[in-house]
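Input: a single structure, listed below in C-alpha cells.
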Amino acid sequence: MTPDQLATAIRHALVRAIEDGALALEPAQVPAEITVERPRNPDHGDYATNIALQVAKPAGTSPRAVAELIAVRLREVGGVASVDVAGPGFLNVTLDAATLGELARSVVVAGESYGRIDRYAGTRVNVEFISANPTGPLHLGHTRWAAVGDAIARVLEAAGAEVVREFYINDRGLQMDKFGMSLEARALGTEPPEGGYHGAYVDDIARQVVAADPSILELTGPDRWAAFREAGYALQLQQQKDVLDGFNTHFDVWYSERTLHSSGAVERGLARLREHGHVFESDGAVWLRTTDFDDDKDRVLVRSNGELTYFASDTAYYVDKRDRGFDVCIYLLGADHHGYVNRLRAVAACAGDDPDVNIEVLIGQLVKMMKGGEEVRLSKRAGNMITLEDLVDEVGVDAARYSLIRYPVDSPLTLDLDLLVSRSNDNPVYYVQYAHARIASVLRNAGDLGIDWRGATADLSLLTHERETALLGLIGELPRVVGTASELREPHRVARYLEELANAYHKFYDVCRVLPGADADVEPINVARLWLCGAARQTLENGLALLGVSAPDRM
RNA sequence: GCGCCCGUAGCUCAACGGAUAGAGCAUCUGACUACGGAUCAGAAGGUUAGAGGUUCGAGUCCUCUCGGGCGCGCCA
C-alpha cells in the first residue's frame with residue numbers, strides 16, 4: 001500500500017464516520033488533502049496523520065474522539081495491521097508486513113518510471129534560467145542556476161509537466177558593442193574602452209577571432225569592432241553551450257534577443273499591452289502603467305528618443321512565451337534582480353494574464369566561495385573569477401551539481417572549495433552514490449552466486465526487521481517527495497530525501513545480511529532482501545536522475 | 001528613506017503549522033578473519049537573534065526591535 005492509497009483509505013474512513021452519523025461534519029468540511037507522513041519516531045507506526053486534529057473543531061468535538069471514530073473504521077481496511085490514537089489526536093498507522101513488503105516488488109517492476117506522478121499532466125511550463133550575456137564565461141552565480149534550474153525542470157517533468165528549458169541570450173545593446181570594442185582593442189594591443197571587458201579570456205577570444213580570419217584587421221572604423229563583436233559572440237556563445245553541455249544541463253531553446261526584435265515580437269507584445277489599456281504616453285515617452293498591479297512605479301517602454309528599453313524586450317518576451325503556448329512561465333533570477341519581481345508580475349497582469357498563475361519569478365540568493373578559510377571575492381577582473389568550468393574542473397559535475405542543489409535557493413549559500421574537493425563524506429553526494437554502488441555490488445554478487453531473485457517466488461512478508469520496514473517506508477516516499485519538490489519548486493528536497501534513504505539502506509545493510517554466507521543455502525529471506533535491495537537501488541537511481549547526478553555501480 | 005531575502009548546535013545547513021528542533025563536519029568512545037569501513041552504534045553540543053501576538057499546537061504565520069545580504073534609472 002502506498003501512502004497515497006492510505007490517505008484515500010483514511011478519507012473513506014472519515015466519510016463513513018460522517019455517513020454513520022457518528023461525526024457531525026459537512027462533507028465540504030473534509031480537507032481536500034489528507035496529510036499522511038512518516039513519523040520521525042518509529043514507535044509512532046509506519047504512517048501518521050493529523051486529520052483528527054484538523055476536523056475536530058468544525059465537528060464540535062475533541063480531536064481524540066474524532067481519531068477514535070476514524071481508527072475503528074480504518075482498522076477494517078485490508079493491509080492495515082494496527083491503528084493507534086496518540087498524543088493530542090494523531091492517528092498512528094502500522095501496515096502489515098506483506099502489504100509493506102509488496103512495495104519493493106512494485107518499485108522494481110515500475111523501474112525508471114517509479115516516482116513519476118501526474119500532478120502536472122497537461123501543463124506546459126517554460127523554465128528560463130541563466131540567460132547570461134554572451135560576452136564572457138559563465139560564473140559561479142550562473143552555476144547555481146544551471147544546476148537548480150535544470151533540477152527544477154527535471155522534477156516538474158517527473159511530476160508530469162511538459163517542460164521547456166530556455167536560455168535568453170542578451171545579444172543586443174550597448175554591452176555587445178563594448179564587447180566587440182574590447183576584443184578589437186586587445187587584438188590591436190590597446191586597452192579596452194571605458195566600461196569594457198577585461199581578463200585573459202578577452203585576449204583568448206580576440207586571438208581566436210584573428211586566427212580564424214586575419215583579414216578582419218584590414219577593416220576600419222565601426223566595421224572592424226562590429227566584426228569582432230559578431231565573431232566573438234559566436235565563439236563565446238558556443239563556449240557557454242559546451243560548458244553547460246558538460247554540466248549535464250541541456251537547453252531546449254536558446255532565444256536570441258535580436259530575434260525577438262527582428263521577428264516583430266516586440267511590436268506584437270506592445271500591441272497586446274495596448275489592447276489591455278495599460279499603455280500611455282508622457283514626457284514624450286511610452287510607458288506601461290505597472291502601478292495598476294503592485295509595481296512601485298510605472299516603467300518606460302519607449303524612450304523619448306525613440307529607443308526601446310530593455311524592459312520593452314522583457315514584456316515582449318513574456319507575451320511571446322505565452323503565445324508559444326506555455327501555461328506557466330518560470331523565471332529564475334539572482335537576488336540582485338529581485339526588484340524585477342513586481343514589474344514582471346505586473347507585465348503579466350497588463351497582458352491580461354493572472355500573475356498568480358501564469359508567471360512565477362524565483363529569486364535565488366548569491367553563492368559565496370570559501371577557500372583556505374577565506375572568502376573568494378568574485379570579480380569580473382579575471383584573476384579570481386570562478387567560472388562554471390573552473391568549479392567542474394575542481395570538483396566534478398556530480399559534486400558540483402549536488403552541492404548547489406541540496407540547499408534551498410532563498411538562503412545565501414557558502415561553499416567551501418576545500419571540502420568539496422576532498423572526495424570524502426564531507427560531501428553528501430558520495431554518501432548517496434556510495435549507497436547505490438554498494439547495492440549494485442550486492443546485486444552483482446547475487447548474480448555471481450547464481451541467485452535469480454527476480455525469477456524466484458518471493459515472500460516479501462518476511463521483511464519485518466525494524467531496519468527493513470524503515471527502508472521500505474522511505475522507498476515509498478519518492479512519489480510524494482516529487483510532489484512537494486515540484487509544487488514548491490524546491491529540488492533540494494529530493495537531495496535531502498536521498499540522504500535519508502541512503503542512510504536507511506546503510507543501517508539496514510549493517511545488521512541484515514542479504515546474501516547467504518559461504519556454503520549456506522539460499523533462504524527465502526535472502527530473496528526477499530534482494531528485492532528490497534533492488535527497490536532501494538532503483539529509488540536511488542531515479543532520485544539522483546532528478547538532480548542530474550549519476551548513480552554509479554562502482555566508485 | 002522605501003522594498004525583498006536571511007538570522008536554528010563551534011562550522012555548513014535541514015525541518016509542506018504537528019509529537020522529544022534534526023543531519024553532516026569538527027571533538028570524544030566503540031563495531032567486521034561473511035555481502036564495498038566512502039559504513040554503522042554511541043557521547044557531547046540549542047532560550048531557533050530578541051520582545052509581543054494569532055491557536056489545540058509556532059523555528060514556521062502577524063507586529064515591532066536588533067543584526068547581515070541585496071535592490072530601488074527614459075542603464076543594460
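In this text the structure is predicted, and so the values were computed from the model without any measurement. Proteins get letters first, then strands, A, B, ... in listed order; numbering begins at 1 in each.
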Exercise. Which value, in whole Å, describes the distance between the P atoms of nucleotides B:A41 and B:G22?
Worked result: 16 Å
Exercise. Once you round it to whole Å, what is the distance between C1' of B:A19 and CG of A:Asp84?
Worked result: 14 Å
Exercise. Are A:Tyr340 and A:Asp314 linked by a side-chain donor-acceptor pair shorter than 3.5 Å?
Worked result: no
Problem set entry | d(CZ, A:Arg38; P, B:C16) in whole Å | 16 Å
Problem set entry | Whole-Å C1' distance, B:A19 and B:G45 | 23 Å
For this session: Could you work out the separation of B:G57 and B:G53 based on their P atoms and round it to a whole Å?
Result: 13 Å
Problem set entry | Rounded distance in Å between the P positions of B:U33 and B:G46 | 38 Å
Exercise. Has A:Tyr509 got its ring stacked on the base of B:U39, with centres under 5.5 Å and planes less than 30° apart?
Worked result: no
For this session: Flag the pair A:Arg345 and A:Asp356 as a salt bridge only when some basic side-chain nitrogen lies within less than 4.0 angstrom of an acidic carboxylate oxygen.
Result: yes
Problem set entry | Atom-pair distance (CD on A:Glu499; P on B:C25), nearest Å | 11 Å
Problem set entry | Rounded distance (Å) that lies between atom P of B:G73 and atom CG of A:Leu308 | 20 Å
Exercise. Is the distance between the ring centroids of A:Tyr505 and A:Phe508 under 6.0 Å?
Worked result: yes
Exercise. Given that A:Ala440 and A:Asn41 both sit by RNA chain B, which one's nearest nucleotide is further toward the 5' end?
Worked result: A:Asn41
Problem set entry | Integer-rounded Å distance: B:C13 C1' and A:Glu500 CD | 15 Å
Exercise. Under 4.0 angstrom, heavy atoms only, what part of the nucleic acid is A:Cys512 near: base, sugar-phosphate, or nothing?
Worked result: base
For this session: Hey, can you tell me if A:Phe179 and A:Tyr197 have their rings parallel, tilted or perpendicular (30° and 60° cut-offs)?
Result: perpendicular
Exercise. So what does A:Arg40 hit on the nucleic acid, given a heavy-atom distance under 4.0 Å: a base, only sugar-phosphate, or nothing?
Worked result: sugar-phosphate
For this session: Remember a base hit wins even if backbone is also touched, and classify A:Ala435 as base, sugar-phosphate or nothing at under 4.0 Å, heavy atoms.
Result: nothing
Exercise. When rounded to the nearest Å, what value does the distance between C1' atoms of B:U39 and B:G7 take?
Worked result: 35 Å
Exercise. Would you call the rings of A:Phe293 and A:His278 parallel, tilted or perpendicular if under 30° counts as parallel and over 60° as perpendicular?
Worked result: perpendicular
Exercise. Counting only distance, no hydrogens or angles, is the base of B:A76 paired donor-acceptor with the side chain of A:Tyr340 under 3.5 Å?
Worked result: yes
Problem set entry | Sugar-phosphate, base or nothing in reach of A:Ala285, heavy atoms under 4.0 Å | base
Seminar exercise, completed: Rounded to whole Å, CG of A:Leu515 lies from P of B:A34 at a distance of 14 Å
For this session: Remember a base hit wins even if backbone is also touched, and classify A:Pro516 as base, sugar-phosphate or nothing at under 4.0 Å, heavy atoms.
Result: nothing
For this session: Indicate, with a heavy-atom threshold strictly under 4.0 Å, whether A:Gly87 touches base, sugar-phosphate, or nothing.
Result: nothing
Exercise. Has the side chain of A:His338 got a donor or acceptor atom sitting under 3.5 Å from an opposite partner on the base of B:G3?
Worked result: yes
Seminar exercise, completed: Side-chain contact check for A:Glu37: nearest option of B:A15, B:C13, B:C16 is B:C16
Problem set entry | A:Glu257 and A:Ser313: side chain donor to acceptor below 3.5 Å | yes
Exercise. Is there a stack between A:His44 and B:A19, judged by ring centres under 5.5 Å and planes under 30°?
Worked result: yes
For this session: May I ask you to verify whether the side chain of A:Asp314 and the base of B:A76 hold a donor-acceptor pair under 3.5 Å?
Result: no
Exercise. Which is true for A:Ala48 with a 4.0 Å heavy-atom rule: it touches a base, it touches only sugar-phosphate, or it touches nothing?
Worked result: base
Exercise. Hey, does A:Asp553 reach any base, or is it just sugar-phosphate, or nothing, if we go heavy atoms under 4.0 Å?
Worked result: base
Exercise. How is A:Arg406 classified with respect to the nucleic acid when contacts are heavy atoms under 4.0 Å: base, sugar-phosphate, or nothing?
Worked result: nothing
Exercise. With a non-hydrogen cut-off below 4.0 angstrom, is A:Asn305 in contact with a base, only sugar-phosphate, or nothing?
Worked result: nothing
Exercise. Would you call A:Arg480 and A:Asp4 a salt bridge, using N to O less than 4.0 angstrom?
Worked result: no
For this session: Would you mind checking if A:Arg38 and A:Glu477 are paired as a salt bridge, meaning a charged N to carboxylate O distance below 4.0 Å?
Result: no
Problem set entry | P atoms of B:G3 and B:C64, separation to the nearest Å | 9 Å
Exercise. Is a donor-acceptor pair below 3.5 Å formed from side chain A:Thr309 to base B:C74, judging by atom type as modelled?
Worked result: no
Problem set entry | pi-stack flag for A:Phe90 and B:A19, centroid dist under 5.5 Å, interplanar under 30° | yes
Exercise. Expressed in whole Å, how much space separates the P atoms belonging to B:G68 and B:U60?
Worked result: 22 Å
For this session: Rounded to the nearest angstrom, tell me the gap between atom CZ in A:Phe508 and atom P in B:G36.
Result: 13 Å
For this session: Looking at every strand, decide which applies to A:Ala86 at a 4.0 Å heavy-atom threshold: base, sugar-phosphate, or nothing.
Result: base
Problem set entry | C1' spacing across the pair B:G42 / B:G52, given as an integer number of angstrom | 41 Å
Exercise. If you find the nucleotide of RNA chain B closest to A:His337 and the one closest to A:Arg554, which residue's nucleotide is nearer the 5' end?
Worked result: A:Arg554
For this session: Check every strand shown and say whether A:Asn342 touches a base, only sugar-phosphate, or nothing at a heavy-atom separation below 4.0 Å.
Result: nothing
For this session: Name the nucleic acid region contacted by A:Tyr434, choosing base, sugar-phosphate or nothing; use a 4.0 angstrom heavy-atom cut-off, strictly under.
Result: base
Exercise. If we ignore angles and hydrogens, is there a donor and acceptor under 3.5 Å between the side chains of A:Asn503 and A:Tyr431?
Worked result: yes
List every contact pair, protein side and nucleotides 54-58 of chain B side both N or O, where the distance is under 3.5 Å.
residue: B:C56; atom: OP1; partner: A:Lys57; partner atom: NZ; Å: 2.1
residue: B:C56; atom: OP2; partner: A:Lys57; partner atom: NZ; Å: 3.3

Exercise. Tell me: OH of A:Tyr505 to P of B:G37, nearest whole Å?
Worked result: 11 Å
For this session: Could you tell me whether A:Arg496 contacts a base, only the sugar-phosphate backbone, or nothing, with contacts defined as non-hydrogen atoms closer than 4.0 Å?
Result: sugar-phosphate
